[in-house]
Amino acid sequence: MNFLAAAGARRLCAMRAVFPYLWRGKYFSSGNEPAENNSVTPMLRHLIYKIKSTGPITVAEYMKEVLTNPAKGYYMNRDMLGEEGDFITSPEISQMFGELLGIWFISEWIAAGKNSAFQLVELGPGKGTLLGDILRVFSQLGSLLKSCDISLHLVEVSQKLSEIQALTLTEEKVPLERNAESPVYMKGVTKSGIPVSWYRDLQDVPKEYSFYLAHEFFDVLPVHKFQKTPHGWREVLVDIDPQVSDKLRFVLAPCATPAEAFIQNDETRDHVEVCPEAGVVIQELSERISLTGGAALIADYGHDGTKTDTFRGFCGHRLHDVLTAPGTADLTADVDFSYLRRMSQGKVASLGPIEQQTFLRNMGIDVRLKILLDKTEEPSLRQQLLQGYNMLMNPMKMGERFNFLALVPHQRLHGSNHQTNARQSKPSPSPVAGFGELAWR
């Protein structure tokens, strides 16, 4: 991937003066913003210098710089979550979301034979709210898990967010160990006594029996955008507007670029977004699960290979032009779940994607809501529970927008491979929770 990026940069440098196309997407893409609204941010100055030096950059490179540049990146030095931030995620909306995910991991742990230890690995843990809700379920079911050695492993590139996660999960009752030069750059112990470690890269997490969680993680990984033209596929690039020196615009490459190799030969859409980094992560997860067991649960907004232009920005809970004031808004693109399944390369079995409302209902959110309402007399708390439920389940809100995908070992779906005698039938594996209705007893 690094080779492709480098080759692409060299190639684009030579092409910069001859771009024949402008490109404007249908819904969320830039091109019509008045110059006076285009704030000159430190990130914009950085990008203009970069483009002047190397030529137009891919949308993937633009996303990566804007979101994770160590000095100026959107995620690196701010808290963007919650009512005061730019967007709210499901864990901030209702405790029920995280509680049901906690049940899912325990259900899979039981179905796989109650291993004596497991790692819970979260990719991009936000504020740590989701893990906090999951750990509360683990504590409530302590008698079930008492003989299991659990550890937490958080993959987080933002120093700011990792500090917030540490405060959420540990309350710093035990001093944190910090080593910026180590792959494990921070260590601590949660309020319930579970060891927790922080990493910048999934590959640094120990390759042991693990359950993986990726909630709104894949949607912020950099995407390459392509438009079908009479001359074939052309990649969408970011360039400086020749009419306004401190404004960016989209252009189309005049010829093929290296990332075109990621487009399927039988692709029928006229615009596609591909995310090579997502493919790398899925391949790593699939390899680990096939070798050591466990499972991965992925929750994100996305589609099954049907959507086209989904690249957009969010600032202050509102849609924001993606090329305006870079570094001040979140950038995101819908996850292509068909691509994730394809990149597992058959090493694991995949279930889904299914809509969030279906997954949560199968996990028993209606039962959980009734229990919480029965225990709550305070009108404001009851209203909060009902509003949270509506936000998670309403098809017009998150209910159909978000999807769940699971990766599990093949033997999880087909039963164990051990031999049975003539009088024994082959053991029937239990269904994977959430992807079929749970039998409540």
Enquirer: Output all residues satisfying side chain to side chain contact (heavy atoms under 4.5 Å, CB included) with Val157, sequence neighbours left out; order by chain, then residue number.
Expert: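 Partners of Val157 by the side chain to side chain contact (heavy atoms under 4.5 Å, CB included) criterion, ordered by chain and then number, come out as Thr68, Met76.
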Enquirer: Restricting to side-chain hydrogen bond (donor to acceptor under 3.5 Å, both in side chains), what partner residues turn up for Asp336, sequence neighbours left out?
Expert: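 Scan of Asp336 (side-chain hydrogen bond (donor to acceptor under 3.5 Å, both in side chains), adjacent residues dropped) gives Ser338.
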Enquirer: Which atom names give the shortest non-hydrogen contact between Ser182 and Arg200, and what distance separates them?
Expert: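 It is O-NH1, 3.8 Å.
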Enquirer: Check Arg341 with Asp304, please: is the shortest side-chain N to carboxylate O separation under 4.0 Å?
Expert: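 Salt bridge flag = yes for Arg341 with Asp304.
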Enquirer: According to the salt bridge (Lys or Arg N to Asp or Glu O under 4.0 Å) rule, which pairs have a member within residues 347-359, sequence neighbours left out?
Expert: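 Residue pairs with at least one partner in residues 347-359: Glu287-Lys347.
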Enquirer: Mind listing the closest non-hydrogen atom pair of Gly126 and Leu161 along with its distance?
Expert: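 Looking at all heavy atoms of both residues, the shortest contact is O-CD2, 3.8 Å.
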Enquirer: Once salt bridge (Lys or Arg N to Asp or Glu O under 4.0 Å) is applied, what residue pairs with a partner in residues 367-389 remain, sequence neighbours excluded?
Expert: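 The answer is Glu99-Arg368, Lys370-Asp374.
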Enquirer: Once the angle between the rings of His224 and Phe262 is folded into 0 to 90°, is it parallel (under 30°), tilted (30 to 60°) or perpendicular (over 60°)?
Expert: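 It falls in the parallel class, under 30°.
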Enquirer: Which ring pair (Phe, Tyr, Trp, His ring centres under 6.0 Å) pairs, counting each pair once, include a residue from residues 273-306, with sequence neighbours left out?
Expert: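 Output for this query lists Tyr301-Phe402.
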Enquirer: Quick check on the 6.0 Å ring-centre criterion: do Phe118 and Tyr209 meet it?
Expert: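 No, too far apart.
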Enquirer: Could you check whether the rings of Trp233 and Phe226 sit parallel, tilted or perpendicular, using 30° and 60° as the cut-offs?
Expert: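 The rings of Trp233 and Phe226 stand perpendicular, inter-plane angle above 60°.
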Enquirer: Write down the atom of Gln165, the atom of Leu154, and the distance for their closest heavy-atom approach.
Expert: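 In this case the closest contact between Gln165 and Leu154 is OE1-CD2, 3.6 Å.
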Enquirer: What is the ring orientation for His410 with His414, classed by angle as parallel under 30°, tilted 30 to 60°, or perpendicular over 60°?
Expert: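 Parallel, since the angle between the ring planes stays under 30°.
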Enquirer: A quick test of your reading: do over 12 heavy atoms of other residues, nucleotides or ligands sit less than 6.0 Å from CD of Glu260?
Expert: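 Count over threshold, so yes.
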Enquirer: Ignoring hydrogens and angles, state whether a donor on the side chain of Lys225 or His271 is under 3.5 Å from an acceptor on the partner side chain.
Expert: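 The answer is yes; a qualifying pair exists.
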Enquirer: Among all residues two or more places apart in sequence or in another chain, which pass the side-chain hydrogen bond (donor to acceptor under 3.5 Å, both in side chains) test with Glu163?
Expert: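 So Glu163 forms a side-chain hydrogen bond (donor to acceptor under 3.5 Å, both in side chains) with Gln159, Arg178.
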Enquirer: Salt-bridged, Glu108 to Arg412, with N to O below 4.0 Å?
Expert: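 So Glu108 pairs with Arg412 through a salt bridge.
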Enquirer: Minimum heavy-atom separation for Leu144 and Trp109, please, with both atom names.
Expert: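 Of all heavy-atom pairs spanning Leu144 and Trp109, the closest is O-CH2, 3.5 Å.
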Enquirer: So which heavy atom on Val137 is nearest to which on Gly102, and how close?
Expert: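 Residues Val137 and Gly102, closest heavy atoms: CG1-C, 4.2 Å.
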Enquirer: To check you understand the geometry: which heavy-atom pair defines the closest contact between Leu176 and Ala166, and what is its length?
Expert: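 Taking Leu176 first and Ala166 second, the nearest heavy atoms are CD1-CB, 3.6 Å.
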Enquirer: Are Tyr389 and Asp366 close enough that a side-chain donor and a side-chain acceptor fall under 3.5 Å?
Expert: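 A donor-acceptor contact under 3.5 Å links the two side chains.
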Enquirer: Would you confirm whether the ring centroid of Phe435 sits within less than 6.0 angstrom of the ring centroid of Phe359?
Expert: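 They qualify: ring centres under 6.0 Å apart.
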Enquirer: Hey, is Arg269 close enough to Asp309 for a salt bridge, meaning N to O under 4.0 Å?
Expert: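 Salt bridge absent between Arg269 and Asp309.
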Enquirer: Closer than 3.5 angstrom, by distance alone: can the side chain of Asp219 be matched with the main-chain N or O of Asp334 as a donor-acceptor pair?
Expert: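 Checking the backbone N and O of Asp334 against the side chain of Asp219, no donor-acceptor pair under 3.5 Å is found.
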